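Everything on this sheet refers to the single structure shown next.
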Amino acid sequence: MQNLNRRTLLKTAAATGAALATPAFVRTAAARTTTITVASLLGDDKPETRVWVKIGELVEARLPGQFRFNIVRNGALGGEKEVAEGARLGSIHASLSTVSSLSGWVPELQLLDLPFLFRDGDHVRKTVDGDIGADLKQKLAAQNFVVGDFINYGARHLLTKEPVTRPEQLNGKKIRVIQSPLHTKLWSAFGTAPVGIPITETYNALSTGVADAMDLTKSAYAGFKLYEVVPYMTETGHIWASGVIFYAAGFWNQLDDGQKAVFLDASREGAAYFNQLIVEDEAKSVEQSLKNGGKLLKPEAFEEWQKGAQGVWQDFAPTVGGIERIKTVQAA
């Protein structure tokens with residue numbers, strides 16, 4: 001009986017000790033939670049933010065309590081270039097980016113930006129899912145950008161203050177461009193004066209006359225309310241705006257193999273979710289733009305638009321792997 005009482009007492013003490021220790025364990029686990037600073041250019045309702053909410057939920061489901069996604073919205077951490085530089089410095093852990101903005105570090109990305117190369121979003125996806133996409137991921141990783149997956153922002157269209165349907169009507173106009181040599185070359189071919197301006201500064205630049213025009217996707221056109229300063233959108237669809245979900249190498253290298261696998265799976269699922277959101281958001285964005293004074297135009301003399309852009313293929317062929325590589329992508 002005495003031994004039984006002793007065993008009972010020891011079990012009770014152990015259980016009591018474990019119960020008392022639980023709060024300390026919770027505090028220790030909480031202390032191990034890693035906060036991920038994520039930069040988003042737009043607000044809660046746009047795909048650029050919603051994709052990170054989705055990825056955060058997917059990661060939490062498989063790695064509960066290990067990570068907290070701090071999504072900094074509305075371009076508060078800067079435009080794409082500033083965010084990319086922040087990621088390389090370690091102050092930002094993850095974001096989305098167009099490949100255009102990362103081409104300063106990986107010039108070969110400009111293959112995905114060549115004008116009038118891709119037929120549609122499926123054509124782009126086929127390209128990035130193959131050897132070309134794998135090669136570009138490796139080159140980005142060498143520059144400290146770890147790619148979770150490629151995404152598609154939709155086609156880029158021309159935005160202007162006055163109606164423009166033919167390429168010669170652009171002659172002499174100042175056009176805001178992504179800070180990329182390819183985009184500068186493209187719009188120079190149409191007689192414009194390209195001006196490199198971060199996306200977060202375009203509204204003011206257009207409203208004050210620093211620029212007369214720009215190009216952008218339908219979703220971002222509405223997201224930045226640019227219909228207020230460049231009401232005309234000409235549906236040129238000249239470039240399919242590819243992008244990436246990326247993580248800063250400094251953050252990524254602290255993950256173990258299991259965590260990396262979870263983040264890659266979540267990013268792939270997030271990319272598919274983002275691409276679907278973009279399709280849905282484009283329809284809403286057009287509706288929003290038209291209600292607020294925006295006007296949609298169809299380009300005239302489309303072959304002249306294509307002809308003006310063809311010089312870009314020749315000029316950038318040596319950078320992106322040769323003209324045969326371009327033609328292979330075109331024929332895929």
Side-chain angles (χ1 to χ4, degrees), residues 40-43 45-48 74-75 78-82 97-98 100-101 113 115-116 153-180 182-241 243 278 281-302 304-306 308-309 312:
S40 173
L41 290 178
L42 295 167
D45 61 326
K46 302 301 281 186
E48 286 80 356
N74 293 310
E80 287 184 321
K81 286 283 189 182
E82 292 85 357
S97 179
T98 59
S100 305
S101 289
D113 258 355
F116 303 110
Y153 289 92
R156 299 181 75 91
H157 305 282
L158 178 66
L159 313 176
T160 56
K161 294 182 179 181
E162 300 170 352
V164 171
T165 57
R166 303 177 65 89
E168 63 267 21
Q169 293 172 318
L170 282 174
N171 190 50
K173 295 190 181 297
K174 296 172 288 185
I175 186 166
R176 176 268 174 182
V177 296
I178 289 178
Q179 293 158 298
S180 153
L182 184 148
H183 285 252
T184 299
K185 175 66 179 179
L186 170 62
W187 294 110
S188 294
F190 295 115
T192 70
V195 184
I197 301 171
I199 188 64
T200 50
E201 300 173 21
T202 52
Y203 187 101
N204 285 339
L206 291 160
S207 62
T208 58
V210 173
D212 305 311
M214 65 179 292
D215 70 333
L216 201 60
T217 63
K218 291 177 178 177
S219 179
Y221 178 55
F224 288 106
K225 298 184 178 180
L226 291 170
Y227 44 74
E228 296 177 351
V229 286
V230 276
Y232 294 95
M233 172 182 284
T234 306
E235 295 180 291
T236 49
H238 49 280
I239 289 174
W240 280 86
I278 284 292
D281 193 68
E282 280 196 338
K284 295 177 184 176
S285 295
V286 168
E287 183 179 354
Q288 177 184 338
S289 301
L290 293 176
K291 283 182 179 178
N292 288 277
K295 298 175 178 60
L296 288 181
L297 305 174
K298 295 294 182 183
E300 298 178 286
F302 196 71
E304 292 301 313
W305 289 100
Q306 292 176 306
V312 177

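Since the model is a prediction, treat every value here as computed from it, not as a measurement. As a basis for the values below, the full set of heavy atoms in this structure was taken, side chains included, without hydrogen atoms, waters or symmetry mates. Index from 1, following the sequence.
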side-chain contact (heavy atoms from CB on, under 4.5 Å) evaluation trace for K218 with M233: CA-CA 9 Å; K218 291 177 178 177; M233 172 182 284; 3.7 Å; yes
Tell me whether S101 contacts the main-chain N or O of T98 through its side chain, where contact means a donor paired with an acceptor under 3.5 Å. no
N/O donor-acceptor pair under 3.5 Å between T234 side chain and V164 backbone: yes
Taking S285's backbone N and O only, do any of them form a donor-acceptor pair with S289's side chain (distance below 3.5 Å, no angle check)? yes
So how far is it from F116 CZ to W240 CH2, rounded to the nearest 0.5 Å? 12.5 Å
Between the CG atom in L297 and the CD atom in E235, the distance rounded to the nearest 0.5 Å is 8.5 Å
Are any side-chain N or O atoms of K161 and backbone N or O atoms of L206, one a donor and one an acceptor, separated by less than 3.5 Å? yes
Residues K291, E287; criterion side-chain contact (heavy atoms from CB on, under 4.5 Å); working and verdict: CA-CA 6 Å; K291 283 182 179 178; E287 183 179 354; 3.3 Å; yes
Is it true that R166 and E304 have a side-chain N and a carboxylate O under 4.0 angstrom from each other? no
Minimum heavy-atom separation for P115 to V312, with atom names? CD-CG1, 3.9 Å
State whether the number of non-hydrogen atoms from other residues, nucleotides or ligands found under 6.0 Å of E162 atom CD is greater than 12. no
Salt bridge present between E48 and K46 (N-O < 4.0 angstrom): no
Return yes if some donor-acceptor pair links the side-chain N/O of N74 with the main-chain N/O of G43 below 3.5 Å, else return no. yes
Partner residues of F190 under the ring pair (Phe, Tyr, Trp, His ring centres under 6.0 Å) criterion, sequence neighbours left out: W187, W305
Could you grab the distance from atom CD1 of I175 to atom CG of L159, nearest 0.5 Å is fine? 8.5 Å
Could you point out which residue of V177, V229, L226 forms a side-chain contact (heavy atoms from CB on, under 4.5 Å) with M214? L226
Could you tell me whether the side chain of D212 and the main chain of K174 form a donor-acceptor pair under 3.5 Å? yes
Measure across A222 and Q288 and return the closest heavy-atom pair with its distance rounded to 0.1 Å. O-NE2, 3.6 Å
For the atom pair NE2 (H183) and CG (D113), what is the distance rounded to the nearest 0.5 Å? 3.5 Å
Closest non-hydrogen contact found for I278 with G154 is CG2-N, 4.2 Å
Please report the closest heavy-atom contact between T200 and G79, naming both atoms and the distance. OG1-N, 4.0 Å
Correct closest heavy-atom pair for P194 and S188 would be CG-OG, 3.3 Å
Over all atoms of both residues, closest heavy-atom pair of A211 and I197: CB-CD1, 4.4 Å
Residue pair H238, L186: steps toward the side-chain contact (heavy atoms from CB on, under 4.5 Å) verdict: CA-CA 10 Å; H238 49 280; L186 170 62; 4.0 Å; yes
Residue pairs, two or more places apart or on separate chains, that pass ring pair (Phe, Tyr, Trp, His ring centres under 6.0 Å) and touch residues 191-226: none
Under 3.5 Å: donor-acceptor pair, side chain of H157, backbone of G237: yes
Is the number of heavy atoms from other residues, nucleotides or ligands under 6.0 Å of K81 NZ greater than 12? yes
Under 3.5 Å, side chain of Q169 to main-chain N/O of T165, donor-acceptor pair present? yes
Should E201 and R176 count as an ion pair when the cut-off is N to O under 4.0 Å? no
Test L216 against L158 for side-chain contact (heavy atoms from CB on, under 4.5 Å), laying out the working first. CA-CA 7 Å; L216 201 60; L158 178 66; over 6 Å; no
Measuring centre to centre across the rings, with the benzene-like ring taken for any Trp, is Y227 within less than 6.0 Å of Y232? no
Spacing of OG1 belonging to T160 relative to CG belonging to D215, to within rounding of 0.5 Å: 11.5 Å
